[in-house]
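Since the structure is predicted, the reported quantities are computational estimates derived from the model, not experimental observations. Position 1 is the first residue of the sequence; numbering continues from there.
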Amino acid sequence: MRLLTHNMLSSNIKGVTNGFPLKIEAEKVVEKEVDMNTDFLKNIFSKIEWKPFVEAAKTLGFSELPEDADSSLLDSHEFLTKFHHALLEIHLEEGALVCPETERKFPVSKGIPNMLLHEDEV
């Protein structure tokens, strides 16, 4: 699971008011090289919740992103390279995503998060 995906997911358990960001419990992290598309990065930047993204990257062992970022950084090739790496090349292969409110764990297996709810959570 890429951090792009993580940044878009939240816990939808009945009664949960703060299901974002999901905490990450990593068992296996892999890096998969992907061609960089600067237009995509510039367009997706405004849709990324930055602070949770940086924390997720740190959880997966990548701490080279700035704590704060604004669109002026999109002109920097160095920033775009780091943003690209964290967003698209670092994958949570095995582990869990944890609801910040209920601590319910959603397993991640072979890079696929299972966000299905139990019957009593709907």
Side-chain angles (χ1 to χ4, degrees):
M1 179 193 73
R2 295 176 173 155
L3 289 183
L4 171 62
T5 303
H6 172 263
N7 202 261
M8 305 291 171
L9 293 175
S10 65
S11 174
N12 290 314
I13 298 171
K14 177 176 60 178
V16 169
T17 57
N18 183 27
F20 180 86
L22 296 166
K23 295 179 241 173
I24 297 175
E25 291 182 356
E27 293 174 15
K28 181 179 179 186
V29 178
V30 297
E31 292 186 17
K32 300 178 183 178
E33 192 172 323
V34 177
D35 291 338
M36 189 162 90
N37 180 332
T38 55
D39 289 335
F40 172 77
L41 294 171
K42 290 177 180 182
N43 286 321
I44 198 71
F45 178 79
S46 64
K47 296 170 181 65
I48 297 296
E49 294 285 342
W50 191 256
K51 290 199 182 296
F53 174 64
V54 170
E55 288 305 311
K58 286 179 182 176
T59 299
L60 299 184
F62 186 73
S63 58
E64 296 182 34
L65 295 169
E67 292 295 323
D68 296 303
D70 60 51
S71 59
S72 67
L73 290 172
L74 296 176
D75 294 327
S76 164
H77 181 73
E78 180 183 359
F79 171 77
L80 286 175
T81 300
K82 291 176 181 177
F83 180 43
H84 164 78
H85 181 69
L87 191 69
L88 300 172
E89 294 185 327
I90 299 173
H91 291 251
L92 175 62
E93 196 69 16
E94 301 290 334
L97 302 176
V98 183
C99 175
E101 194 171 307
T102 66
E103 299 295 315
R104 157 77 146 82
K105 292 184 181 185
F106 298 95
V108 177
S109 178
K110 298 179 184 169
I112 301 170
N114 180 349
M115 300 298 293
L116 293 175
L117 299 177
H118 298 131
E119 194 172 309
D120 63 334
E121 296 172 326
V122 179

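Two rings, from F53 and F45, have their centers 6.0 Å or more apart.
No donor-acceptor pair closer than 3.5 Å links the side chain of E94 to the backbone N or O of G111. Put simply, the side chain of E101 never gets that close to the backbone of G19: no donor and acceptor are under 3.5 Å apart.
Identified under the side chain to side chain donor-acceptor pair (under 3.5 Å) test for residues 59-72, with sequence neighbours left out: K51-D68, K58-E67, D70-S72. Identified under the side chain to side chain donor-acceptor pair (under 3.5 Å) test for residues 24-46, with sequence neighbours left out: E25-K105.
At a threshold of 4.5 Å between non-hydrogen side-chain atoms, the residues S10 and L22 do not count as touching. Within the 4.5 Å cutoff, side-chain heavy atoms of L97 are placed close to those of M1. At least one side-chain heavy atom of H84 sits under 4.5 Å from a side-chain heavy atom of V34.
Nearest heavy-atom pair, A56 versus I24, reported as atom, atom and distance to 0.1 Å: CB-CD1, 3.7 Å. Annotation for L65 and A86: closest pair CD1-CB, 3.7 Å, computed over non-hydrogen atoms. When all heavy atoms of W50 and P66 are compared, the closest pair comes out as NE1-O, 2.9 Å. Nearest heavy-atom pair across F106 and L116 is CE2-O, 4.2 Å.
Atoms SG and CG, on C99 and L9 in that order, are 12.5 Å from each other to the nearest 0.5 Å. To the nearest 0.5 Å, atom CG of residue L88 and atom CE of residue M36 are 10.5 Å apart. Annotation: the span from R104 atom CZ to L117 atom CG amounts to 6.5 Å, rounded to 0.5 Å. Distance check, rounded to the nearest 0.5 Å: CG of L60 to CG of L92 gives 6.0 Å. Distance check: I48 CD1 to L41 CG gives 9.5 Å after rounding to the nearest 0.5 Å. Note that NZ of K82 is 14.0 Å distant from CD of E89, once rounded to the nearest 0.5 Å.
Taking H85 as the reference, F62 meet the ring pair (Phe, Tyr, Trp, His ring centres under 6.0 Å) condition, with sequence neighbours excluded.
Note on I90: it clusters hydrophobically with L80, by side-chain heavy-atom contacts below 4.5 Å among ILVMFWY residues. Hydrophobic clustering of Ile, Leu, Val, Met, Phe, Trp and Tyr side chains at less than 4.5 Å, counting indirect connections, unites M115 with L3. M8 and V98 fall into different hydrophobic clusters, where Ile, Leu, Val, Met, Phe, Trp and Tyr are joined by side-chain heavy atoms under 4.5 Å apart, directly or via other members.
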Residues K23, E103; criterion side-chain contact (heavy atoms from CB on, under 4.5 Å); working and verdict: CA-CA 9 Å; K23 295 179 241 173; E103 299 295 315; 2.6 Å; yes
